[in-house]
Protein chains: 2
Amino acid sequence: MPEVAASRRVTSADIAKDVGVSRATVGFVLNSTPGKKISEATRARVLESAARLGYQPNRAAADLARGRSKIILLVLPDRLLGPSMQASLDEGARVLAEAGYALVTQPQARPLGGIPPLWETLGPDVVIGWTTFTPEEVMSMRAAGVRRIRPRPGESARYDQAPGVAEGARMQVDHLHELGHRRIAVAALNDPQMIELQRSRADAAMQRAEELGMETVALRSVDHRDGSSAEAVRIWHDDGVTAVVAYNDDVAATVAGAAIEAGLRVPQDLAVIGHDDSPIASLFVPPLSSIRMDTVEAARYLAAVALHEADGRPVTSTWTALDTRVVARRSTLG
Amino acid sequence: MPEVAASRRVTSADIAKDVGVSRATVGFVLNSTPGKKISEATRARVLESAARLGYQPNRAAADLARGRSKIILLVLPDRLLGPSMQASLDEGARVLAEAGYALVTQPQARPLGGIPPLWETLGPDVVIGWTTFTPEEVMSMRAAGVRRIRPRPGESARYDQAPGVAEGARMQVDHLHELGHRRIAVAALNDPQMIELQRSRADAAMQRAEELGMETVALRSVDHRDGSSAEAVRIWHDDGVTAVVAYNDDVAATVAGAAIEAGLRVPQDLAVIGHDDSPIASLFVPPLSSIRMDTVEAARYLAAVALHEADGRPVTSTWTALDTRVVARRSTLG
DNA sequence: TTGAAAGCGATACCAT
DNA sequence: ATGGTATCGCTTTCAA
């Protein structure tokens, strides 16, 4: 039965006093400082005392003393918050937690209307983003004491080299090819934040189609709120396009919806395949074929990279191809 | 052209030296400490120097000295991460930023597989959750130095008293009533995290239906992955139910989808209304009627409460009814 | 109006 | 194997 101090927080000095050793010794035990020999007896007594007193180290003091925050900040694009992404983040957080790091996520990079970015207020050791940061952002990070930044400033994000990006797009095309489609379109989303990723996926899809000897029409952005999706569907259909590769499942739903509204049958008149296997893919009628990636593995790798940046520890796992596969549903199978 | 120190961070001592005053004075200026009279001249010089040198206060040191972190942690349920929620959080963050607080969100309360909750690692001043925290969680927060917790430990969350919860549910029912429906069902989601909110919404809906003299059938949970949604739709239809109030848009899509798959027409044979007006509501075919709330206003209020807890400043805005309204689409209008 | 100095609590180096 | 203690950078009280 732990007795939690009602008023003052428990400090390492309290433990030292309780056990009858110095604060230094307490610190050595609690941080299992390497190169320090502490007798098993005192070690046990310190740990027991810490547990009994409900000791929690003071973040601020520890951060100040060691000069680092042990926080890793992940800057996400607005949307990418599907359930699978969520699961990945959990996995990443778990790996980082084992190394003593806390993972904090910030929804978006660009400060909207005067919200200072979290890197200024939290002073994370590492900031990881999906796209390259602007020079201003990098400067403000540096000023805030951020030690490492990914993607490295100056480097391009190069999504196309990330695992799963090209694979997923290729598999979308392969799937349509296997089903006999020979003239396809690529549909994107009007979302500036995601341009780089969209481009990479679209490029990979186009290239794959060419390899397979398929014909493609120009990339179009669709938005269900204006008439762009209806127009796109009409143009595509008139143009002999029989299938559409969508950037993600929302886009796939937009296209499929516009097709249905236009009186076309999905997939007989127009097949559609999405990407990410988000909830809408299985909820839509007809259910949307999509691409499911093992993003958990990706998160694990990302965490390893983060630890590499933070602690200099080697990146063990490799940027291998992710477990990516087609989830075939009625929007292509009929 | 700010000259950012390449190696060492800029400290308040650097500014003091640069300007030729003491570190204390620098601190007074930078924190605009009340009750301190600093000549306009030195104040300007300090600020200029800080800007030129690219000074960013060291979080850890400041936190340690003042004994608070100026972090407010918001613990969200897994799902509630729709775009509207996102916009609200931005608004909340903005209000808090003005008061010098950083808003950090944690996706879920229960630590999954050994991820320590962020309140242990960040030591926020205030933790705000959607549901009441367990005694263990409260203890761990206290040990981590968290000063205030909402909902207050021991208090029930009482969603039904939060603005917009009952309103939204009532409006769903009112909408169906106006369209002539007299026998309705309520559909929930199998999600333990959300039970309290679901119950509150469901109760409000049932009660409203009763007030209006409508008949209701027992609450059912649906899941598109098992056969439960198909079964529910069959039972409801056989039972003379003509419309369904869904807990949220995902549930509405599940129900509408099952109805369509069963050969029913939506809304002629079964009308469905969702809640939250999330993307799936407008993307689904037919588009789903839903409830849109001004969650931005709610976030503003929540931020005010947080500041009240943190700084003791009065809660100015009131828990007024939110701007909540029906977005009527074809899933009810036909 | 400004400065000196005492903490805040953990870390880690240097002794013992 | 353990203990002193200087240090991190800022806040804040007390003097000047």
Side-chain angles (χ1 to χ4, degrees), chain A residues 5 7-46 49-50 53-70 100 120-121 123 125 143-145 147, chain B residues 5 7-46 49-50 53-70 100 120-121 123 125 143-145 147:
Chain A
S7 49
R8 208 172 44 72
R9 282 192 64 179
V10 180
T11 75
S12 73
D14 294 327
I15 299 187
K17 188 141 47 67
D18 183 56
V19 177
V21 295
S22 74
R23 290 169 51 227
T25 304
V26 172
F28 294 148
V29 171
L30 262 31
N31 301 323
S32 38
T33 312
K36 283 291 171 184
K37 270 80 193 29
I38 302 291
S39 73
E40 207 38 65
T42 48
R43 142 177 251 87
R45 283 163 58 222
V46 167
S49 175
L53 267 39
Y55 171 75
Q56 285 276 93
N58 179 311
R59 247 209 156 265
D63 286 0
L64 179 57
R66 74 168 98 83
R68 338 163 122 242
S69 63
K70 298 232 136 194
E120 281 183 10
T121 39
D125 291 336
R147 315 170 84 87
Chain B
S7 50
R8 211 172 41 73
R9 282 191 64 176
V10 180
T11 75
S12 74
D14 294 325
I15 299 187
K17 187 142 45 68
D18 183 56
V19 177
V21 295
S22 76
R23 293 169 50 228
T25 304
V26 173
F28 293 149
V29 172
L30 262 30
N31 300 325
S32 39
T33 312
K36 282 290 172 183
K37 270 82 190 32
I38 303 289
S39 72
E40 207 38 65
T42 48
R43 145 179 249 85
R45 283 162 57 222
V46 167
S49 174
L53 266 39
Y55 172 74
Q56 286 277 92
N58 180 309
R59 245 210 152 300
D63 287 358
L64 179 56
R66 74 168 96 85
R68 331 160 128 247
S69 62
K70 298 232 136 196
E120 281 184 9
T121 39
D125 291 338
R147 314 169 87 87

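Keep in mind that this is a model prediction, so the values were computed, not measured. Per chain, numbering begins at 1; letters A, B, ... match sequence-line order.
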- [ ] Would you please name every residue forming a side-chain contact (heavy atoms from CB on, under 4.5 Å) with A13(B), sequence neighbours left out?
- [x] T11(B), R23(B)
Task: S12(B) side-chain N/O to dC10(D) phosphate OP1/OP2 under 4.0 Å - done: yes
TODO: For dT2(D), take OP1 and OP2 only and decide whether either is under 4.0 Å from a side-chain N or O of S39(A).
DONE: yes
Would you mind reading off the distance between [X] atom [atom1] and [N] atom [atom2], rounded to a whole angstrom?
{"X": "N58(B)", "N": "dT11(D)", "atom1": "CG", "atom2": "C1'", "result": "13 Å"}
{"X": "I15(B)", "N": "dC10(D)", "atom1": "CD1", "atom2": "C1'", "result": "12 Å"}
{"X": "D14(A)", "N": "dG9(C)", "atom1": "CG", "atom2": "P", "result": "9 Å"}
{"X": "R68(B)", "N": "dC10(D)", "atom1": "CZ", "atom2": "C1'", "result": "16 Å"}
{"X": "Q56(A)", "N": "dA10(C)", "atom1": "CD", "atom2": "P", "result": "11 Å"}
{"X": "D63(A)", "N": "dC8(D)", "atom1": "CG", "atom2": "P", "result": "16 Å"}
{"X": "E40(B)", "N": "dT1(C)", "atom1": "CD", "atom2": "C1'", "result": "13 Å"}
{"X": "Y55(B)", "N": "dG9(D)", "atom1": "OH", "atom2": "P", "result": "10 Å"}

State, to 0.1 Å, how close [X] and [Y] come at their nearest heavy-atom pair, and which atoms those are.
{"X": "D125(B)", "Y": "S69(B)", "answer": "OD1-N, 3.0 Å"}
{"X": "Q56(B)", "Y": "R9(B)", "answer": "O-NH2, 2.9 Å"}
{"X": "Y55(B)", "Y": "L30(B)", "answer": "CE2-CD2, 3.4 Å"}
{"X": "V46(B)", "Y": "I15(B)", "answer": "O-CG2, 4.1 Å"}
{"X": "A16(A)", "Y": "S22(A)", "answer": "CB-C, 3.7 Å"}

- [ ] Looking at every strand, decide which applies to V21(A) at a 4.0 Å heavy-atom threshold: base, sugar-phosphate, or nothing.
- [x] sugar-phosphate
- [ ] Without swapping roles, check the side chain of N31(B) against the backbone of G27(B) for a donor-acceptor pair under 3.5 Å.
- [x] yes
- [ ] Please determine, for the side chain of A62(B), which listed nucleotide (dC10(D), dT2(C), dG9(D)) has the closest atom?
- [x] dC10(D)
- [ ] Identify, between S22(B) and A60(A), the residue whose nearest nucleotide on DNA chain C lies closer to the 5' end.
- [x] S22(B)
- [ ] Determine whether V29(A) and T42(A) make a side-chain contact, defined as any pair of heavy atoms from C-beta on separated by less than 4.5 Å.
- [x] no
- [ ] Taking the side chain as every heavy atom from C-beta outward, state whether V19(B) and V26(B) have any atom pair closer than 4.5 Å.
- [x] no
TODO: Can you pull out how bent the helix from dT1(C)-dA16(D) to dT16(C)-dA1(D) is, comparing the axes over its first five and last five pairs, to 10°?
DONE: 40°
Protein N or O to nucleotides 12-16 of chain D N or O, pairs below 3.5 Å:
residue: dC14(D); atom: N4; partner: K36(B); partner atom: NZ; Å: 3.1

